[in-house]
Amino acid sequence: MRSIIDVLDLTVQELEELLAIANDIIENPAKYAKICEGKKLATLFFEPSTRTRMSFEAAMYELGGNVLSMSNAASSSAAKGESVADTAKTISCYADIIAMRHPKEGAPLVAAMNATIPVINAGDGGHNHPTQTLADLLTIKREKGGFDNLTVGLCGDLKFGRTVHSLINALSRYSGIKFVLISPEELKLPSYVKKDVIQKNNLEYVQTTDLESVMPELDILYMTRVQRERFFNEADYLRLKDSYILTPEKLKNAKDDLCIMHPLPRVNEISVAIDDDKRACYFKQVLNGKYMRMALILKLLEVL
Ligand code: CP
């Protein structure tokens, strides 16, 4: 029994295997339509979600399995004070695998330590979001053919943006990667990610507040939302929320094959006028997330 709490729980070889399975699912969906018959996925979401929960559930249905869904902490016994550990032990009696989102960093790890079935971290506080990274990696692989030698711009809330932290961890294992970290001073990448991942792996990086000046060198531009729910102070959020708004004008000097990504939900960070640009990849990420979650469920349930 194995859980996935951090994207680094997967070796590069295992990541490549998941990418290959996801591509096979895309090409041969009928082959997988009944493979999880009789299995149940429990989605335990203690924080709001549209994509992650719905794509996990769609993934399990498309594999022929069933879903037990908890979309709201207020309607569970967590509201009466039940611990994450007891919740995990309880759900282990009903389901075969858990996908958990929680506002507290480390909660899915606690669940994994107490469950008797695999637990997948579906986002924990400002920490990690490994299955979003799986969606991101499949998108980059399909758009760029691979991961080596890419210049990756990460823009917006790099402090609280858990998708950014997970993506940097994943890409740090490939060669020739350069990170361009674009954020307001107050929302810079935490030093534990910069020191323990980027610097430790001797990766090239630059930090800037100016998106337009670095635009011409980017192969990937990963926009992020300023994470209102992680701020202690509403005035700070209001001051910073529109720090970066990507418009067609700002793409004037961008590469023709730039891949524009965003984990979504978007608030104001990308103008809807960009949605029809061939470089916009964010809705491809949404779909790719379902295929990668299908691949991950198959591997953790050991049905492949
Ligand atoms: N990308 C992402 O995690 O979206 P949701 O919050 O809608 O699940």
Side-chain angles (χ1 to χ4, degrees), residues 4-7 18 22 41-62 67 69-74 76 97-105 107-108 111 119-140 142-143 152 154-171 220-231 237 241 244 246 259-270 272 274-275 280-297:
I4 298 298
I5 303 302
D6 188 306
V7 74
L18 290 177
L41 164 75
T43 51
L44 307 183
F45 277 61
F46 295 87
E47 236 191 15
S49 167
T50 297
R51 274 147 294 276
T52 310
R53 185 173 66 83
M54 301 290 268
S55 66
F56 262 116
E57 296 183 0
M60 195 51 162
Y61 283 125
E62 289 186 30
V67 171
S69 185
M70 191 207 84
S71 60
N72 180 356
S76 78
I97 186 165
I98 292 171
M100 174 184 278
R101 170 170 292 186
H102 203 285
K104 282 200 185 137
E105 288 84 355
V119 175
I120 303 171
N121 179 3
D124 61 330
H127 189 217
N128 269 319
H129 194 347
T131 63
Q132 178 62 47
T133 302
L134 297 183
D136 300 341
L137 293 177
L138 182 60
T139 306
I140 294 171
R142 288 175 74 84
E143 297 300 312
V152 181
L154 300 150
C155 178
D157 185 349
L158 307 189
K159 179 177 181 184
F160 297 117
R162 58 193 174 197
T163 63
V164 167
H165 306 161
S166 288
L167 184 58
I168 289 174
N169 264 307
L171 290 177
I220 307 280
L221 173 56
Y222 195 96
M223 298 295 294
T224 61
R225 171 179 70 91
V226 174
Q227 306 264 307
R228 180 180 209 153
E229 62 275 32
R230 316 258 177 249
F231 275 74
Y237 167 73
K241 71 184 176 68
Y244 302 99
L246 190 64
C259 177
I260 304 167
M261 301 177 70
H262 191 309
L264 305 181
R266 131 179 86 181
V267 184
N268 268 338
E269 310 78 51
I270 302 180
V272 291
I274 290 177
D275 292 1
C281 294
Y282 27 96
F283 287 106
K284 291 180 184 172
Q285 279 169 272
V286 173
L287 185 57
N288 289 335
K290 182 184 72 175
Y291 295 124
M292 285 304 271
R293 290 177 178 115
M294 289 170 84
L296 185 61
I297 290 169

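Atoms within a ligand are numbered from 1 in the order they appear, just like the ligands themselves. Reckoned from all heavy atoms, side chains included, excluding hydrogens, waters and symmetry mates.
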message: Do Met261 and Thr139 have side chains that approach each other closer than 4.5 Å (heavy atoms only, starting at C-beta)?
response: yes

Can you tell me how far apart [atom1] ([X]) and [atom2] ([Y]) are? Round to the nearest 0.5 Å.
X: Cys155; Y: Ile220; atom1: SG; atom2: CD1; result: 14.0 Å
X: Arg162; Y: Asp157; atom1: CZ; atom2: CG; result: 11.5 Å
X: Met294; Y: Leu134; atom1: CE; atom2: CG; result: 14.0 Å

- line: Nearest heavy-atom contact between Gly126 and Glu105 is N-OE2, 2.8 Å

field: Under 3.5 Å: donor-acceptor pair, side chain of Thr52, backbone of Ser49
entry: no

Contact table ligand 1 N or O to protein N or O, d under 3.5 Å:
| from | atom 1 | to | atom 2 | distance (Å) |
| --- | --- | --- | --- | --- |
| ligand 1 | 1 (N) | Gln132 | OE1 | 3.0 |
| ligand 1 | 1 (N) | Pro263 | O | 2.9 |
| ligand 1 | 1 (N) | Leu264 | O | 2.9 |
| ligand 1 | 3 (O) | Thr52 | OG1 | 3.0 |
| ligand 1 | 3 (O) | Arg101 | NH2 | 2.9 |
| ligand 1 | 3 (O) | His129 | NE2 | 2.9 |
| ligand 1 | 4 (O) | Arg51 | NE | 3.1 |
| ligand 1 | 4 (O) | Leu264 | O | 3.4 |
| ligand 1 | 6 (O) | Arg101 | NH1 | 2.9 |
| ligand 1 | 7 (O) | Thr50 | N | 2.8 |
| ligand 1 | 7 (O) | Arg51 | N | 3.0 |
| ligand 1 | 7 (O) | Arg51 | NE | 3.3 |
| ligand 1 | 7 (O) | Arg51 | NH2 | 2.9 |
| ligand 1 | 8 (O) | Ser49 | OG | 2.6 |
| ligand 1 | 8 (O) | Thr52 | N | 2.9 |
| ligand 1 | 8 (O) | Thr52 | OG1 | 2.7 |
| ligand 1 | 8 (O) | Arg101 | NH1 | 3.4 |
| ligand 1 | 8 (O) | Arg101 | NH2 | 3.3 |

